[in-house]
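Note that the structure is a prediction, hence the values are computed from the model and not measured. Residue numbering restarts at 1 for every chain, and letters A, B, ... go by the order of the sequence lines.
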Protein chains: 2
Amino acid sequence: MIDEKAAAEAARKQDENYINNALVDVYDNIMRFEEQQIRGSRFRDINARELHIVHAIGLHDHKTTTQVADEFRMSKGTLTAHLNNLERKGYVIRQRNPADRRVINLGLTSKGRLLYRTHDAFHRRLVKSFLHGMDDDDRQLIKQALMNLEQFLDEAQKK
Amino acid sequence: MIDEKAAAEAARKQDENYINNALVDVYDNIMRFEEQQIRGSRFRDINARELHIVHAIGLHDHKTTTQVADEFRMSKGTLTAHLNNLERKGYVIRQRNPADRRVINLGLTSKGRLLYRTHDAFHRRLVKSFLHGMDDDDRQLIKQALMNLEQFLDEAQKK
DNA sequence: CCCAATAGTTTGATGTTCAAACTAATTGGG
DNA sequence: CCCAATTAGTTTGAACATCAAACTATTGGG
């Protein structure tokens with residue numbers, strides 16, 4: 001009886017441990033895989049950072065430099081440097097906003113849009129594998145767990 | 001009937017979308033929070049990278065420089081630089097291995113061990129919040145999802 | 001019409017990273 | 001037992017990412 005309880009407790013601890021490590025490893029593994037995929041594609045000249053900037057610029061949003069920099073919590077100067085590279089390589093275009101000529105609206109070239117869609121498809125495959133064999137209820141549970149985590153981080157960060 | 005089906009499908013897509021974004025954001029949020037926690041603690045002089053190196057060195061493992069560098073997929077030269085900093089700040093000690101004097105075994109000072117435990121406690125709180133309100137079955141499901149993802153990444157990486 | 005505020009770029013300094021050269025120690029074949 | 005090859009870790013030099021602060025161009029309120 002007591003042994004059973006202790007065994008269950010030990011199993012719980014072990015699961016939590018696994019989840020802990022997996023949570024931490026997930027991102028590194030995704031990043032590494034993204035990088036590797038890109039190396040073997042026609043987008044060889046892009047690194048993970050640049051890929052994510054292309055993704056943040058998006059297909060239709062016409063975001064500004066400041067918006068994207070804030071999203072990445074990156075200084076505007078740093079983003080300017082990345083944008084220079086991405087423009088030179090033909091993924092991104094800067095469009096001066098005619099209504100306010102201080103503002104630059106960012107857009108993707110057709111090459112940039114292709115990269116965006118390729119990356120997006122990769123992520124959809126990723127989530128499909130993550131949710132493999134799960135029904136609606138299961139999916140809700142996963143979603144709940146991630147929402148818990150976001151809430152915890154948000155709240156802890158606030159104070 | 002058909003509307004219902006279409007609505008369920010749309011809800012599924014939306015959930016998958018949420019999960020996709022959350023998965024990607026999780027790591028950044030965790031990193032940012034770790035960094036912030038540390039800034040407000042007595043370990044102010046440590047950044048996230050260094051924290052993770054301290055964690056990798058661990059309490060009792062006596063790992064070598066090469067082992068840790070491989071773990072982080074980081075060149076040995078880069079790790080050497082970090083170790084110099086961590087040693088100077090009093091978190092890490094290098095111990096020449098007497099059986100093979102080429103080898104350095106890495107260890108933590110008492111300050112390093114304290115940092116390790118603080119960080120470990122933080123991660124346990126994180127996982128607890130992630131699993132808030134869940135029973136054994138739920139936990140198994142989460143674990144399964146993470147295992148799916150790891151397997152997907154492993155396999156995709158192999159070929 | 002002026003000037004404070006804003007968007008983005010440039011600049012200079014700092015820190016991270018890597019690959020290659022290097023040093024010291026070990027090992028194995030002759 | 002020696003020396004050539006290998007291995008562990010460090011040093012070095014170059015490339016790149018990053019930031020904060022100075023700067024330029026533009027806007028909009030008084």
Side-chain angles (χ1 to χ4, degrees), chain A residues 27-28 31-32 34-36 38-39 44-57 61-89 91-107, chain B residues 27-28 31-32 34-36 38-39 43-57 61-89 91-108:
Chain A
Y27 181 88
D28 280 344
M31 288 284 278
R32 194 154 43 242
E34 280 182 349
E35 195 103 38
Q36 188 194 300
I38 271 178
R39 290 278 157 267
R44 230 176 298 293
D45 58 350
I46 288 292
N47 65 30
R49 193 56 149 164
E50 292 170 325
L51 173 60
H52 291 138
I53 292 172
V54 165
H55 190 256
I57 290 174
D61 297 346
H62 308 292
K63 289 186 192 162
T64 69
T65 299
T66 301
Q67 280 171 351
V68 174
D70 285 353
E71 208 170 299
F72 279 98
R73 273 152 260 247
M74 171 189 279
S75 76
K76 292 185 294 175
T78 301
L79 185 59
T80 292
H82 282 298
L83 292 176
N84 290 340
N85 293 334
L86 285 168
E87 204 175 33
R88 182 175 40 75
K89 295 185 205 167
Y91 291 91
V92 166
I93 39 173
R94 288 170 158 110
Q95 294 163 307
R96 191 123 247 153
N97 185 325
D100 181 344
R101 292 179 39 71
R102 289 169 305 179
V103 174
I104 299 277
N105 290 114
L106 299 171
Chain B
Y27 180 88
D28 281 344
M31 287 285 277
R32 195 155 42 243
E34 279 182 349
E35 195 102 38
Q36 188 194 300
I38 271 178
R39 290 277 157 267
F43 303 115
R44 228 176 299 292
D45 59 350
I46 289 290
N47 64 31
R49 194 56 148 166
E50 292 170 327
L51 174 60
H52 292 137
I53 292 171
V54 165
H55 190 256
I57 290 173
D61 297 344
H62 307 293
K63 287 186 193 163
T64 68
T65 298
T66 301
Q67 279 171 349
V68 174
D70 286 352
E71 209 170 298
F72 279 98
R73 272 152 261 246
M74 172 190 278
S75 77
K76 293 186 293 176
T78 301
L79 185 60
T80 293
H82 282 297
L83 292 175
N84 289 341
N85 294 334
L86 285 168
E87 203 174 34
R88 181 174 41 76
K89 297 186 206 167
Y91 290 91
V92 165
I93 39 174
R94 287 171 159 110
Q95 294 164 306
R96 189 123 247 153
N97 185 326
D100 181 343
R101 293 179 36 72
R102 289 170 305 179
V103 174
I104 299 278
N105 291 113
L106 298 171
L108 299 180

Look at all strands and tell whether [X] reaches a base, only sugar-phosphate, or nothing, counting heavy atoms closer than 4.0 Å.
X     : value
A/R96 : nothing
B/T80 : base
B/T78 : base
B/N47 : sugar-phosphate
A/T65 : sugar-phosphate

Check: Does a side-chain N or O from B/R49 land closer than 4.0 Å to OP1 or OP2 of C/dT17, or not?
Finding: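 Indeed, a polar side-chain atom of B/R49 lies that close.
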
Margin query: Please tell me if B/R94 has a side-chain N or O lying less than 4.0 Å from either OP1 or OP2 of D/dT10.
Written below: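 Result: yes.
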
Distance, rounded to the nearest Å, where [X] contributes [atom1] and [N] contributes [atom2]:
X      : N      : atom1 : atom2 : value
B/D70  : D/dA8  : CG    : C1'   : 12 Å
B/Q67  : D/dG9  : CD    : P     : 8 Å
B/H82  : C/dG15 : NE2   : P     : 12 Å
B/F72  : D/dG9  : CZ    : C1'   : 18 Å
A/I104 : D/dT24 : CD1   : P     : 17 Å
A/M74  : C/dA7  : CE    : P     : 18 Å
A/H52  : D/dA17 : NE2   : C1'   : 16 Å
B/Q95  : D/dA8  : CD    : C1'   : 16 Å

Return the minimal non-hydrogen interatomic distance between [X] and [Y], and the atom names on each side.
X      : Y      : result
A/R96  : A/R102 : NH2-O, 3.7 Å
A/A69  : A/L79  : N-CD2, 3.5 Å
B/N105 : B/H62  : ND2-O, 2.7 Å

Next item on the list: Taking atom types as modelled, find out whether B/D45 and B/Y91 have a side-chain donor-acceptor pair closer than 3.5 angstrom.
Entry: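 On atom types as modelled, these side chains qualify, holding a pair under 3.5 Å.
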
Checklist line | Residue whose nearest DNA chain D nucleotide is more 5′ - B/T66 or A/P98 | finding: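 Nearer the 5' end of the strand: B/T66.
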
Item checked: Position toward the 5' end of DNA chain D (nearest nucleotide), B/N84 or A/D100 ->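 Going by which nucleotide is closer to the 5' end, it is B/N84.
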
Notebook entry, point to check: Where the side chain of B/K76 is defined as all heavy atoms beyond and including C-beta, which of C/dT16, D/dA17, D/dG9 is the nearest nucleotide?
Noted result: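 Selected nucleotide (nearest to the side chain): D/dG9.
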
Next item on the list: Apply the test side chain to side chain donor-acceptor pair (under 3.5 Å) to residues B/N84 and B/R94: give CA-CA distance (whole Å), side-chain angles for both, the deciding distance (0.1 Å), then the verdict.
Entry: CA-CA 10 Å; B/N84 289 341; B/R94 287 171 159 110; 3.0 Å; yes

Checklist line | Comparing A/A81 and B/R101 on DNA chain C - which has the more 5′ nearest nucleotide | finding: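 First, find each residue's nearest nucleotide; the 5'-ward one identifies A/A81.
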
